[in-house]
2 protein chains.
Amino acid sequence: MAKRTGVDEFKLIGLLWRDSPVSPRSGISTQSVTTLAVDLADREGLDAVTIRRLAEEAGVTAMALYPHIGGRAELVELMLDHVAGVTYETVTIPEGADWRECVTAIAEANWASCQAHPWITDLATGRPVPGPGASTKYETELRALDGIGLTDIEMEHTLTALLSLVQGTARATRAAQDSRLPGEDHDTDWWSNIEPALTTAIGDQTRFPTASRVSRTLGEQTGKANDPEGAYRRGVGLILDGIAKRLGTPTSGNGR
Amino acid sequence: MAKRTGVDEFKLIGLLWRDSPVSPRSGISTQSVTTLAVDLADREGLDAVTIRRLAEEAGVTAMALYPHIGGRAELVELMLDHVAGVTYETVTIPEGADWRECVTAIAEANWASCQAHPWITDLATGRPVPGPGASTKYETELRALDGIGLTDIEMEHTLTALLSLVQGTARATRAAQDSRLPGEDHDTDWWSNIEPALTTAIGDQTRFPTASRVSRTLGEQTGKANDPEGAYRRGVGLILDGIAKRLGTPTSGNGR
DNA sequence: TCCTCGAAGTCTACGGTGTATAATACACTG
DNA sequence: CAGTGTATTATACACCGTAGACTTCGAGGA
């Protein structure tokens with residue numbers, strides 16, 4: 001459910017770039033099915049998006065979807081492209097602003113997208129989706145980084161690194177949320193459920209002194225068993241300062 | 001195949017921390033089955049690790065595995081813990097070295113682990129595996145960061161951010177490799193197969209000028225359609241400089 | 001208006017998955 | 001050596017994606 005394999009790229013490109021006519025008999029279209037699938041995944045996760053279930057929601061039989069979506073592998077790509085296309089509708093990159101604000105906006109937009117559509121963190125990045133949404137997103141992000149003093153290669157690497165960090169920490173957020181049992185409100189509940197059993201199993205309590213100390217401190221100060229969002233913010237901060245050093249511009253603040 | 005849901009944590013903890021006796025009738029153990037599963041995943045990917053297939057390799061029936069692995073969800077956790085436990089057997093963190101070398105070694109060890117076991121990048125991080133391997137790894141990494149001038153919280157956030165970056169870019173490497181058709185040697189082959197169809201589909205060639213320029217430059221200079229490894233190296237470099245700024249120590253080199 | 005014909009939609013079926021359940025056979029303890 | 005409990009087995013179920021054959025519909029020409 002995560003590898004994005006088995007995609008027929010040519011079929012996919014056709015589906016991605018055509019203007020998605022609504023089918024007269026059933027009233028569905030590539031566009032409408034994709035939207036339905038994204039909504040379903042947002043609500044119940046990517047695993048809930050089965051062909052049969054999606055067909056049920058669309059009011060058609062399973063096999064009726066195939067002319068519109070290609071196959072399940074292609075459907076996932078369509079969903080990814082759709083989400084990529086709306087990333088900068090909620091969070092926009094300020095025009096003519098400091099490069100710091102632009103980079104931060106890129107991070108925030110992707111972070112928000114990962115929160116709104118947690119299932120995208122299940123899917124591998126790397127191979128780009130050859131569709132209009134992903135292409136527009138890429139263009140937007142590169143344009144924000146263009147002309148601040150980085151070479152093309154540096155821009156590309158920096159952007160990839162930044163997005164990897166965002167996706168990675170967003171994934172961790174998501175995993176922490178998923179592991180909550182129904183009805184639990186805090187991350188600590190999962191941990192406090194596990195902890196007694198774990199303590200018993202470990203036996204020798206002096207085996208992981210540093211980890212114990214750090215976990216305790218983290219729990220006391222943030223109230224969480226782990227804090228991916230904090231890691232995200234710190235990570236972006238570190239990268240910003242790293243870029244500043246490359247650019248040779250004065251760094252902002254004192255880092256605290 | 002990516003969400004790590006449905007894990008019975010208590011059953012899992014029992015399996016993770018017991019000393020895995022070999023079963024007299026079948027000759028298998030939690031340990032041996034886990035190793036077998038890791039090898040199989042390394043060779044053929046996580047999807048190849050089905051209960052039936054694994055049972056076949058172990059020389060028993062499918063249902064015979066269950067007392068040793070719990071269920072498939074728990075098996076995956078066992079595999080993750082196993083891999084975590086051997087991360088620092090190949091790449092070690094230098095004793096008493098500069099903090100830069102330590103951080104770099106952490107990144108390299110995790111990068112190498114992701115290369116050796118590509119399937120781990122399919123799986124969500126975040127919720128830690130409550131096992132001896134993962135605990136040891138966490139302890140090792142925190143100890144390397146301890147005492148260089150960061151607070152406990154900063155250490156934790158920095159480590160999480162660093163590992164997210166490594167996993168994220170490693171994933172992208174993996175995705176690029178997977179998308180190669182059989183027999184292809186270079187990333188560019190996949191891209192050059194797609195490109196004509198994509199160019200035709202897009203129509204208006206002036207729509208993504210920055211993306212086109214950057215892609216062209218990247219292709220010319222690296223010979224790749226995308227370069228996650230370069231992004232990894234730059235990302236680690238940026239984070240190192242970011243840490244240096246926080247620490248107030250002189251930065252090394254000029255960043256080029 | 002009717003007819004034809006190609007495409008869209010449907011039905012059935014296949015091989016795969018994880019694993020619940022119940023029956024069996026074995027290894028260890030007394 | 002008998003008893004007991006658990007590892008192991010065989011069977012079965014519900015679900016998955018989708019290939020292939022069949023049916024039905026909508027649009028264009030006479």
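Protein chains get the first letters and strands the later ones, always in sequence-line order, with residue 1 at the start of each. What you are looking at is a predicted structure, and each value in this text was computed from that prediction instead of being measured.
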Visitor: Roughly, in whole Å, what's the span from CG in Leu54(B) to C1' in dG18(C)?
Guide: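 So the two atoms are 13 Å apart, to the nearest Å.
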
Visitor: Within less than 4.0 Å of OP1 or OP2 of dG9(C), is there a side-chain N or O belonging to Tyr66(A)?
Guide: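 Checking Tyr66(A) against dG9(C): no side-chain N or O falls below 4.0 Å of OP1 or OP2.
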
Visitor: Verify, without hydrogens or angle tests, whether Glu44(B) (side chain) and Asp42(B) (backbone) share a donor-acceptor contact under 3.5 angstrom.
Guide: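 Checking the backbone N and O of Asp42(B) against the side chain of Glu44(B), no donor-acceptor pair under 3.5 Å is found.
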
Visitor: Side-chain N or O of Thr50(A) less than 4.0 angstrom from OP1 or OP2 on dC16(D)?
Guide: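 Result: yes.
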
Visitor: Tell me whether the side-chain N/O atoms of Thr61(A) come closer than 4.0 Å to OP1 or OP2 in dC11(C).
Guide: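 The answer is no; no side-chain N or O of Thr61(A) sits under 4.0 Å from OP1 or OP2.
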
Visitor: The side chain of Ala64(A) is closest to which nucleotide in this list: dG9(C), dG17(D), dC11(C)?
Guide: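 Closest nucleotide among those given: dG9(C).
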
Visitor: Measure CZ/Arg53(B) against C1'/dG15(C) and give the value in whole Å, please.
Guide: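 Roughly 16 Å, once rounded to whole Å.
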
Visitor: Should the pair Arg207(B)-Glu139(A) be classified as a salt bridge under the 4.0 Å nitrogen-to-oxygen rule?
Guide: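 Looking at Glu139(A) together with Arg207(B), the answer is no, because their closest N to O distance does not fall below 4.0 Å.
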
Visitor: Round to the nearest Å and state the distance from Asp8(B) atom CG to dT19(C) atom C1'.
Guide: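 So the CG-C1' distance, Asp8(B) to dT19(C), works out to 14 Å.
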
Visitor: Within this structure, what is the CD1-to-C1' distance between Ile51(A) and dG16(C), rounded to whole angstrom?
Guide: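 Distance check: Ile51(A) CD1 to dG16(C) C1' gives 16 Å.
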
Visitor: To the nearest Å, give me how far apart CE (Met63(B)) and P (dT8(D)) are.
Guide: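 After rounding, the gap between these two atoms is 12 Å.
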
Visitor: Rounded to whole angstrom units, what separation is found between the CG atom of Leu46(A) and the P atom of dC16(D)?
Guide: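 So the two atoms are 13 Å apart, to the nearest Å.
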
Visitor: Charged N to carboxylate O below 4.0 Å: is that the case for Glu9(A) and Arg127(A)?
Guide: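 Judged by the 4.0 Å cut-off on N to carboxylate O distance, Glu9(A) and Arg127(A) do form a salt bridge.
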
Visitor: Regarding Arg43(A) and Glu57(A), does a basic nitrogen lie under 4.0 Å from an acidic carboxylate oxygen?
Guide: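 Result for this pair is yes, salt bridge flagged.
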
Visitor: Run Glu56(B) and Arg52(B) through salt bridge (charged side-chain N to carboxylate O under 4.0 Å, His left out) and show every step you take.
Guide: CA-CA 6 Å; Glu56(B) 190 187 347; Arg52(B) 286 171 174 80; over 6 Å; no

Visitor: Any donor-acceptor pair under 3.5 Å joining the side chain of Arg25(B) to the base of dA27(C)?
Guide: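 A donor-acceptor contact between them is absent.
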
Visitor: In whole Å, I'd like the distance from the CG atom of Leu65(B) to the P atom of dA20(C).
Guide: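 Whole-Å distance recorded here is 14 Å.
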
Visitor: Both Val49(A) and Ala62(B) contact DNA chain D. Which one's nearest nucleotide lies toward the 5' end?
Guide: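 First, find each residue's nearest nucleotide; the 5'-ward one identifies Ala62(B).
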
Visitor: Just the rounded figure in Å: distance from P of dG17(D) to CZ of Arg52(A).
Guide: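 Rounding to the nearest Å, CZ of Arg52(A) and P of dG17(D) are 7 Å apart.
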
Visitor: Establish, with yes or no, whether the OP1 or OP2 oxygen of dG9(C) is under 4.0 angstrom from a side-chain nitrogen or oxygen of His68(A).
Guide: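 Checking His68(A) against dG9(C): at least one side-chain N or O falls below 4.0 Å of OP1 or OP2.
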
Visitor: Does a side-chain N or O of Arg72(A) approach OP1 or OP2 of dG17(D) to a distance below 4.0 Å, or not?
Guide: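 Answer yes for this pair, as a side-chain N or O of Arg72(A) is under 4.0 Å from OP1 or OP2.
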
